[in-house]
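Below: one structure, written as structure tokens.
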Amino acid sequence: MPAFRALLALAFTSIVYAAPLGGGISVSVRSNSYSADGTFYAPGLGACGKTNSSNQLIVAVGHAVFDSYPGAALHPQNPNKNPICGKKLKATYGQKSVTVTVEDRCAGCPGAADLDFTEAGFRKLAALGVGRIHGVKWEWVI
Ligand SMILES: *[C@@H]1O[C@H](CO)[C@@H](O)[C@H](O)[C@H]1NC(C)=O
């Protein structure tokens, strides 16, 4: 069924174009979802130009995803203007999930799509004492 196959190819093509990431990142780009580590930090003035605190549900996204977000390259000197700023993502760990707003770039995150939460955000997924959680699934909230 060549027609069906062509349709399938088309579907995949459009999904790839709709993905928020440029090339080079291999984490499930097609499905627009990621698996990453989660940690927490004490935010201050973030890369997006806002000052946030530990009790707010903001997140710092791994530098690789932050820097390759569509439109990010238009403002290489000013991350405040990265269109990723203000985007919401839903992170799930086991049975728990939290929706957070991107306000920062995680320079020290080893994984492309790692998430550095505030204490408030991390606590929605695991006890703070755990420190680092693996296999956090996340996706953009449209
Ligand atoms: C982050 O900080 C900015 C400015 O201080 C504020 O407007 C915004 O609501 C904060 N974000 C969240 C999720 O609390």
Side-chain angles (χ1 to χ4, degrees), residues 3-142:
F4 177 67
R5 233 180 260 133
L7 241 171
L8 250 185
L10 235 172
F12 270 104
T13 307
S14 58
I15 291 169
V16 168
Y17 283 136
L21 294 177
I25 295 183
S26 58
V27 236
S28 311
V29 169
R30 263 189 207 141
S31 62
N32 186 24
S33 69
Y34 308 89
S35 181
D37 278 7
T39 48
F40 65 88
Y41 77 122
L45 175 60
C48 293
K50 304 276 171 64
T51 298
N52 291 101
S53 60
S54 291
N55 59 5
Q56 293 179 320
L57 295 178
I58 60 103
V59 72
V61 174
H63 57 93
V65 164
F66 190 97
D67 295 344
S68 63
Y69 195 83
L74 297 173
H75 310 284
Q77 308 306 326
N78 190 351
N80 294 359
K81 293 188 175 171
N82 187 328
I84 200 172
C85 292
K87 293 285 185 302
K88 288 186 188 332
L89 64 88
K90 183 183 178 191
T92 302
Y93 181 63
Q95 302 299 310
K96 299 180 169 180
S97 64
V98 63
T99 296
V100 289
T101 304
V102 177
E103 291 292 5
D104 207 353
R105 172 185 188 271
C106 180
C109 284
D114 285 350
L115 299 177
D116 212 5
F117 296 97
T118 59
E119 289 191 7
F122 190 90
R123 230 187 278 118
K124 301 273 187 196
L125 303 177
L128 293 183
V130 177
R132 172 178 291 269
I133 49 182
H134 305 283
V136 176
K137 305 274 191 284
W138 67 267
E139 60 190 11
W140 296 110
V141 175
I142 313 290

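Whatever order the structure lists them in is the order used to number ligands and atoms, beginning at 1. The first residue in the sequence is number 1, and the count goes up from there.
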Next on the checklist: With a 3.5 Å distance limit and no angle check, can you tell me whether Ser54 reaches the backbone of Glu119 through a side-chain donor-acceptor pair?
Outcome noted: no
Item to check | Summary of salt bridge (charged side-chain N to carboxylate O under 4.0 Å, His left out) pairs that have at least one residue in residues 43-65, sequence neighbours excluded | outcome: none
Checklist entry - Which residue pairs pass the salt bridge (charged side-chain N to carboxylate O under 4.0 Å, His left out) test with at least one member in residues 86-112, sequence neighbours excluded? => result Asp67-Arg105
Check ligand 1 for close polar pairs with the protein: N or O on both sides, less than 3.5 Å.
residue	atom	partner	partner atom	Å
ligand 1	2 (O)	Thr51	O	3.3
ligand 1	2 (O)	Asn52	OD1	3.3
ligand 1	2 (O)	Asn52	ND2	2.4
ligand 1	5 (O)	Thr51	O	3.0
ligand 1	11 (N)	Asn52	ND2	3.1
ligand 1	14 (O)	Gln56	NE2	3.4

Next on the checklist: Taking the side chain as everything from C-beta on, heavy atoms only, tell me whether Leu74 gets closer than 4.5 Å to Lys81.
Outcome noted: no
Next on the checklist: Restricting to non-hydrogen atoms, name the atom on Ala91 and the atom on Trp138 that form the minimum distance, rounded to 0.1 Å.
Outcome noted: CA-CB, 3.8 Å
Item to check | Where at least one partner belongs to residues 109-129, residue pairs that pass ring-ring contact (aromatic ring centres under 6.0 Å, His included), sequence neighbours excluded | outcome: Phe40-Phe122
